[in-house]
Amino acid sequence: MTAFTAPRGIPDYLPPESAALLTVRDTLAEAARRAGYGYVELPVFEDTALFARGVGESTDVVSKEMYTFTDRGGRSVTLRPEGTAGVMRAVIEHGLDRGQLPVKLYYTGQFFRYERPQAGRYRQLLQVGVEAIGVDDPALDAEVIAVADAGYRALGLTGYRLELTSLGDSTCRPEYRERLQEFLRALPLDEETRRRAEINPLRVLDDKRPEVRELLADAPLMVDHLSPECREHYEEVKEHLTGLGVKFTENPRLVRGLDYYTKTAFEFVHDGLGAQSGIGGGGRYDGLMAQLGGQELSGIGFGLGVDRTLLAARAEGLAVGDEARCEVYCVPLGQAAKRQLVRIAAALRGAGVRVDLAYGGKGLKGAMKAAGRSGARLAVVAGDRDLEQDEVQLKDLRDGSQRAVGRAELLTTVKEALAG
RNA sequence: GAGGGUGUAGCUCAGUAGGUAGAGCACUGGGUUGUGGUCCCAGUUGUCGCGGGUUCAAAUCCCGUCAUCCUCCCCA
């Protein structure tokens with residue numbers, strides 16, 4: 001007999017840690033909601049070709065990290081490795097792009113990448129993302145970035161930084177790309193890196209090895225070769241961010257792993273996660289819609305890693321999602337009392353109070369211990385003696401004080417005590 | 001995909017001239033026949049990651065494998 005284990009590289013989140021994950025996810029999503037983004041719930045898998053064409057065949061994500069399989073109908077489908085392609089597909093399929101623009105959507109859910117697991121790098125990851133489609137306005141770029149920033153701040157994160165750059169567009173990037181390739185071909189690089197220089201030269205700029213960095217010190221940078229229009233766009237984005245009070249540092253070597261990015265690209269970086277430092281990132285993707293068969297519409301969005309943001313919050317020692325699992329704990333003494341307390345617990349729950357009860361044959365001591373462990377503020381203790389008086393004992397678990405309360409007054413008394 | 005570290009109780013970990021296992025925490029019960037968080041006592045929990053090899057004998061040595069962590073790579 002073999003014991004089952006979770007699939008490789010995929011964490012199980014259990015209480016109480018799981019509550020923190022939910023808090024992170026909800027806090028980030030709330031930031032999007034406040035900025036007028038509407039929720040989309042989309043398939044977890046899509047036609048494989050959607051990602052191949054949308055994300056880019058040459059990317060690592062598509063070429064070696066996808067969970068691809070053939071379904072019973074013989075179709076090749078893939079567990080989504082990122083969110084934008086699926087959102088674009090849905091927007092085109094349902095004609096949202098023919099309504100009022102921009103289309104502002106947000107999503108949250110699981111994504112899958114077949115990578116070597118590592119701290120902060122999982123094969124199934126939870127992400128919150130937004131997409132704003134159809135308006136190429138630098139103010140919108142700034143809004144998207146500001147939404148992410150607001151989400152992080154709402155969690156109390158402080159130890160992150162925002163890196164920003166512009167990747168140009170179809171009018172200036174091809175020219176720059178060639179110039180960069182020329183530069184790279186002249187360098188004594190290893191074979192692996194040379195290959196990368198041919199496929200995606202921009203990514204070579206991001207090499208971490210010091211000796212390579214040295215070689216690249218004088219490499220031409222995209223930001224110095226932007227078309228006038230892209231330059232103008234970039235300057236305006238920065239101006240808006242400054243106006244919004246969002247701090248950023250320019251990183252002209254910032255690279256995004258997906259092919260579709262144009263102009264604005266950004267990444268939120270945190271140093272508390274080990275080798276994986278990106279907690280969220282995104283950018284503009286003009287041209288993606290058309291590439292997927294839609295209209296020529298621009299778009300900008302981000303994906304924020306919930307798992308990694310949680311790690312960042314832990315690294316900063318933030319108390320996220322530490323709320324006790326219940327507010328009131330019921331301790332029945334004997335069978336008759338249990339019958340009553342079960343009902344009392346249900347009534348309190350109906351009134352919006354979070355309540356648990358000592359089930360099983362726990363002794364009083366054990367039940368009180370459970371009450372303490374539950375984190376509840378109050379315990380409702382009752383035995384035959386109390387019920388004869390039509391009362392229960394209400395104990396404040398913080399200071400240990402206790403008093404008899406008539407059953408009719410219990411709800412209001414509990415609410416007062418919890419509010420106090 | 002490449003390199004390295006680690007796998008012993010639910011958790012954190014002890015356990016080398018090879019002799020089939022321990023501590024703390026946790027959990028359960030009791031001290032307190034109706035009161036938790038402190039204290040005291042008692043008790044439960046192990047395929048020593050898995051498989052094979054060497055040996056009279058393997059948690060301990062060897063090989064493989066899986067998992068995990070770290071680095072490269074890549075990204076959220």
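Lettering of chains follows the sequences in order, A, B, ..., and the numbering in each one begins at 1.
- Both distances falling under 3.5 Å, in either a Watson-Crick or a G-U wobble arrangement, place B:A23 opposite B:U12.
- Once rounded to the nearest 0.5 Å, the distance linking CG of A:L164 with CG of A:L241 reads 6.5 Å.
- Using modelled atom types, one finds no donor on one side chain facing an acceptor on the other under 3.5 Å when comparing A:T23 with A:D26.
- Side-chain to base pairing of A:R121 with B:C73: one donor and one acceptor N or O lie within less than 3.5 Å of each other.
- Scanning atom types as modelled, no donor and acceptor separated by under 3.5 angstrom connect the side chain of A:R8 and the base of B:C66.
- Across all strands, A:D207 comes closer than 4.0 Å only to sugar-phosphate atoms, never to a base (heavy-atom distances).
- Residue A:E65 is classed as a sugar-phosphate contact, given heavy-atom separations below 4.0 Å to backbone atoms only.
- At a threshold of 4.0 angstrom between heavy atoms, the contacts of A:R203 are confined to the sugar-phosphate backbone, with no base atom among them.
- At a threshold of 4.0 angstrom between heavy atoms, the contacts of A:K64 with the nucleic acid are absent.
- In this structure, A:D307 reaches neither bases nor backbone, as no heavy-atom distance under 4.0 Å exists between it and the strands shown.
- Computed from coordinates, the A:Q276 CD to B:C73 P distance equals 11 Å when rounded to whole Å.
- The backbone N or O of A:R377 lies less than 3.5 Å from no partner atom in the side chain of A:R398, so there is not a single donor-acceptor pair.
- Separation of the P atoms belonging to B:U47 and B:G4 is 30 Å when rounded to the nearest angstrom.
- Residue A:R116 places no side-chain N or O under 4.0 Å from the OP1 or OP2 atom of B:U71.
- Comparing the same atom, P, in B:U60 and in B:G19 gives a spacing of 11 Å after rounding to whole Å.
- The nearest whole Å value for the distance from the CZ atom in A:R123 to the P atom in B:C75 is 17 Å.
- Judged by distance alone, the side chain of A:R325 and the main-chain N or O of A:R354 form no donor-acceptor pair under 3.5 Å.
- What separates CZ of A:R213 from P of B:C72 is a distance of 12 Å, to the nearest Å.
- A donor-acceptor contact under 3.5 Å is not formed by the side chain of A:Q110 with the base of B:A76.
- In terms of polar N and O atoms assigned as donor or acceptor, the side chain of A:R373 never comes within less than 3.5 Å of the base of B:G36 in a complementary pairing.
- In this structure, CD1 of A:I279 is placed 17 Å from P of B:C75, rounded to the nearest angstrom.
- The phosphate of B:C74 (OP1 or OP2) has a side-chain N or O of A:R196 nearer than 4.0 angstrom.
- Atom pair A:R195:CZ and B:A2:P shows a separation of 14 Å (rounding to whole Å applied).
- Whole-Å rounding puts the A:L364 CG to B:G36 P distance at 7 Å.
- The partner of B:C72 is B:G1, by the rule that a Watson-Crick or G-U pair needs both atom distances under 3.5 Å.
- Among the protein residues, A:G129 comes within range of no part of the nucleic acid, since none of its heavy atoms lies under 4.0 Å from any strand.
- When heavy atoms are screened at a 4.0 angstrom cut-off, A:G282 is found touching no nucleic acid atom at all.
- More than 12 heavy atoms of other residues, nucleotides or ligands lie within 6.0 Å of OH in A:Y67, so this atom counts as buried by the packing criterion.
- At a threshold of 4.0 angstrom between heavy atoms, the contacts of A:Q127 are confined to the sugar-phosphate backbone, with no base atom among them.
- Looking at heavy-atom distances under 4.0 Å, A:Q118 makes contact with a base.
- If you check B:U60 for Watson-Crick or wobble pairing at under 3.5 angstrom, you find it has no partner at all.
- Of the inter-residue distances, the one linking A:R161 atom CZ with A:F248 atom CZ reads 14.5 Å to the nearest 0.5 angstrom.
- Atom NZ of A:K369 and atom P of B:G30 are 10 Å apart (whole Å).
- Annotation: B:A9 and B:G18 have their P atoms spaced 23 Å apart (nearest Å).
- Taking atom CZ of residue A:R377 and atom P of nucleotide B:G36, one finds them 19 Å apart after rounding to whole Å.
- As rounded to the nearest Å, B:G15 and B:C69 have C1' atoms that lie 23 Å from one another.
- Comparing B:C75, B:G34, B:C69 by their nearest atom to the side chain of A:A119 picks out B:C69.
- A:Y122 comes within contact range of at least one nucleobase, with a heavy-atom separation under 4.0 Å.
- Distance check on atom C1': B:U71 versus B:U28 gives 45 Å, rounded to whole Å.
- Residue contacts for A:R113: at a heavy-atom cut-off of 4.0 Å it reaches a base atom on one of the strands shown.
- Both A:G363 and A:M368 sit near RNA chain B, but only A:G363 has its closest nucleotide nearer the 5' end.
- With hydrogens and angles ignored, no donor-acceptor pair under 3.5 angstrom links the side chain of A:Q393 to the base of B:U35.
- As rounded to the nearest Å, B:U35 and B:G30 have C1' atoms that lie 16 Å from one another.
- Distance CG/A:L187 to CD/A:E214: 12.0 Å, rounded to 0.5 Å.
- Using C1' as the reference atom, B:A2 and B:C73 are 9 Å apart when rounded to the nearest Å.
- No N or O donor and acceptor, one from the side chain of A:K365 and one from the base of B:G34, sit under 3.5 Å apart.
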Between side-chain atoms of residues 329-342 of chain A and protein atoms elsewhere (two or more places apart, or another chain), which donor-acceptor pairs fall under 3.5 Å?
from, atom 1, to, atom 2, distance (Å)
A:Q340, OE1, A:R407, NH1, 2.9
A:Q340, OE1, A:R407, NH2, 3.3

